Amino acid sequence: MKKINVKQILVGKPLKSTDDDSHLLTKFQALAMLSSDALSSIAYGTEQIVTVLLTLSAAAIWYSLPIAALVLVLLVALTLSYRQIIHAYPHGGGAYVVSTENLGANAGLIAGGSLLVDYMLTVAVSVSAGADAITSALPTLHPYNLLISIILVLLLMLMNLRGLRESAGFLLVPVYTFVAATVLLLIVGLFRVITGDLSYNATSHIGSVVPGISIILLLKAFSSGSASLTGVEAISNAVPFFKKPKARNAAGTLALMAMILGLFFTGITFLNYYLGVVPNAHSTVLSQVAHTIFDFNGVGRIFYYVFQFSTAMILAVAANTGFSAFPMLSYNLAKNKYMPHMYMEKGDRLGYSNGIISLAAGAVILLAIFNGSTERLIPLYSIGVFVPFALSQTGMVVKWHREMGGKFWRRAMSNMIGAAISAIIVLILLVFRLADIWPFFIVMPILIGIFYAIKRHYTEVAHQLRLEDKVVDHVYSGNVVIVLVGNVTNVAVGAMSYAQSIGSEILAVHVSTKETYRKDKEVETEFKALYPNVRFSIVESSYRDIVKPVVRYVDLVSKSAEKKNYTVTVIVPQFVPKHSWQNILHNQMSVRMRYYLSWRDNVVVSSYSYHLKK
């Protein structure tokens, strides 16, 4: 009977390393895979602006139009800047690499750490917003928002573990369906506005004086609306995923994404103002706009549901931007020894599997902490992305100044605008949203401390393993072999045979407890009958623990062996079941024993495996 491999069913068959190039992305595929986060933000960008303005009055909603214009200015500046980054750093890395090279290691780690957290928030916010869109259309599912969000995260994780091309192929349908549905929404909406088929229901006219309006409120609304630009940097992180010419294809994809995002954001904001839509707890702003434009009668009802589910799909798969960018950023940090080297390893499907799994785990934890609330996650989302924005734009200004001298401003104009606006947004968040973003300032110092601890460890390991100019080999006189004996079985006999082939001196040790005293004597008798010339030691354990008494015994033998210039080898016998699932039927004492003994100096730990046939 053929053995069923669950991993291959879920993830797919392993790919050869030589297949790597065949799994790179075209611009058409990359737009679906890497722009879903940015494009999906129209589902909540306008709503976040209007929600802040509504704290004063509905009449203040007209200010969403000039605020949207300023968001578009920032979008243009960031797009031009990240196109420069793509060409200047074609190996990927985005804000982390730019900040590290031009502003120093600390700035790079702040940018990198911020983006790691932000990509987890990207996943959490996207699936949370996707669940909101689903439950707006199907209100009976509203109590299950959190569960729906977690299921979406796990599905996206499995999809990405299957590989780049597979996940990009899966995303083509939801992303391009959403693009088509939104284009239809805007065309129908603008047509009905121009023809007078839609009534002008704006809460106030453009230019109306709204009592109580303040620059502080407008800045808060601008900072909230700027969340629409999260995901713009993802393409610069993922340049290595593109087909050749990588930089040109990545830059072209970024420009196309920015154009689509700008048109969608402008159109939705205008229609929301014109229709006088006000956010409510039961239906998103975008859902209300679509409901009004498609008239929700006859064919219009069908179009509404198509649009709503396409929105839900892209919000759900928008998390995929994080799944694409997080593993690449983790790879770059690991390459510089700030994250574990396991993040540099590719999985069976040539993706950075450890990064994908870590991202999914972090997102699920965030969803659980914030109970799947999009509104509570957005401020953290914003600070996590605008800190790297500000650092990367500043880094590019420094780069151009270093390379071009006094004429640097010609190349750095978009970078300076982007850096200034991003810094202002960070300042706004610090002053006015500190109550919402304070966890960021606890997580970041801890994360940077972890980065430096990992770096110190790798530096120390490299120093201790490095061969000196003069290599001195220690020549041992012999080898004391300790065999752990639980019962006299085929496993113990095989282990003893191996010990006799490598040891100068053989010791057998058995741990005895009060409950097993009589049986332990029987084991000693059986062993002595087979090996009369081997020293058999019984170590007593008062607390039924087997590991600690063995470790103490090994320590004593090790000290004695050192005096004779002997090595010490501990053989841990174990039997291996024929089927992997059968492992759960047996205790894993050998695993624990090897773990604790591995920390002893000058002790070699060896496993003797006896394979069961049935």
Side-chain angles (χ1 to χ4, degrees), residues 41-75 129 132-133 136 182 185-186 188-229 262-296 304 311 373-376 378-379 382 421 424-425 427-429 431-436:
S41 62
I42 68 163
Y44 51 81
T46 298
E47 182 163 358
Q48 291 300 313
I49 295 174
V50 174
T51 299
V52 174
L53 295 173
L54 200 61
T55 58
L56 178 61
S57 73
I61 291 177
W62 81 263
Y63 282 101
S64 63
L65 298 179
I67 289 172
L70 191 55
V71 172
L72 290 178
V73 171
L74 179 56
L75 172 63
D132 287 342
S136 290
T182 306
L185 175 74
L186 296 180
V188 172
L190 293 175
F191 177 79
R192 295 187 66 188
V193 168
I194 293 170
T195 59
D197 191 35
L198 276 177
S199 301
Y200 175 68
N201 291 319
T203 52
S204 62
H205 297 301
I206 296 174
S208 300
V209 177
V210 181
I213 196 72
S214 66
I215 189 66
I216 292 174
L217 182 70
L218 295 176
L219 288 174
K220 288 176 68 176
F222 171 61
S223 67
S224 294
S226 297
S228 298
L229 305 183
L263 288 173
F264 285 5
F265 179 68
T266 303
I268 296 298
T269 304
F270 169 74
L271 289 172
N272 178 77
Y273 159 75
Y274 188 89
L275 299 173
V277 172
V278 177
N280 65 60
H282 305 291
S283 183
T284 63
V285 161
L286 191 58
S287 175
Q288 294 180 66
V289 169
H291 192 284
T292 303
I293 288 174
F294 290 132
D295 206 19
F296 207 67
Y304 167 75
T311 303
S373 171
T374 306
E375 188 174 345
R376 293 174 65 193
I378 286 287
S382 299
I421 298 178
I424 289 170
I425 292 173
L427 187 61
I428 294 168
L429 291 169
V431 174
F432 302 116
R433 305 297 294 271
L434 187 60
D436 298 316

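Note that the structure is a prediction, hence the values are computed from the model and not measured.
- Applying the side-chain hydrogen bond (donor to acceptor under 3.5 Å, both in side chains) criterion to Ser41, with sequence neighbours excluded, gives no partner residue.
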Please tabulate, one pair per line, all N/O donor-acceptor pairs under 3.5 Å involving side-chain atoms of residues 206-222, not counting sequence neighbours.
residue : atom : partner : partner atom : Å
Ser208  : OG   : His205  : N            : 3.2
Ser208  : OG   : His205  : O            : 2.6
Ser214  : OG   : Leu217  : N            : 3.2

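- Considering every non-hydrogen atom in both Ser226 and Val71, the closest pair reads OG-CG2, 4.2 Å.
- You'll find the side chain of Val285 stays beyond 4.5 Å of the side chain of Thr51, heavy atoms only.
- The two residues Arg433 and Ser224 make their nearest non-hydrogen contact at NH1-OG, 3.2 Å.
- Closest approach of Leu53 to Ala60, counting heavy atoms only: CD1-O, 3.4 Å.
- The minimum heavy-atom distance between Trp62 and Ser204, with the atom names listed, is CD1-OG, 3.3 Å.
- Judged by distance alone, the side chains of Thr203 and Tyr273 never bring a donor and an acceptor atom under 3.5 Å apart.
- For the pair Phe265/Thr269, a side-chain contact is recorded, criterion being any heavy-atom separation below 4.5 Å from C-beta on.
- With contacts defined as side-chain heavy-atom distances shorter than 4.5 Å, the pair Thr292/Leu271 does not qualify.
- Annotation: salt bridge (Lys or Arg N to Asp or Glu O under 4.0 Å) contacts involving residues 193-209, sequence neighbours excluded, comprise Arg192-Asp197.
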Please walk me through it: do Leu185 and Phe294 pass side chain to side chain contact (heavy atoms under 4.5 Å, CB included)? CA-CA 8 Å; Leu185 175 74; Phe294 290 132; 3.7 Å; yes
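- Distance check, rounded to the nearest 0.5 Å: OG1 of Thr182 to CD1 of Ile42 gives 4.5 Å.
- Tyr200 OH: more than 12 foreign heavy atoms inside a 6.0 Å radius.
- Looking at residues two or more places apart in sequence or on another chain, you find a side-chain contact (heavy atoms from CB on, under 4.5 Å) between Leu54 and Ala58, Ile61, Val278, Pro279.
- Partner of Phe270 under the side-chain contact (heavy atoms from CB on, under 4.5 Å) criterion, out of Leu190, Leu275, Thr46, Leu186: Leu190 alone.
- Atom OG1 of Thr266 is separated from atom CG of Leu65 by 10.0 Å, given to the nearest 0.5 angstrom.
- Judged by distance alone, with hydrogens and angles left aside, the side-chain atoms of Thr55 form a donor-acceptor pair with the main-chain N or O of Val52 at under 3.5 Å.
- By the side-chain contact (heavy atoms from CB on, under 4.5 Å) test, Ser223 is found to be paired with Ile425, Ile428, Leu429, residues two or more places apart in sequence or in another chain being considered.
- The salt bridge (Lys or Arg N to Asp or Glu O under 4.0 Å) analysis of residues 41-55, with sequence neighbours excluded, yields no pairs.
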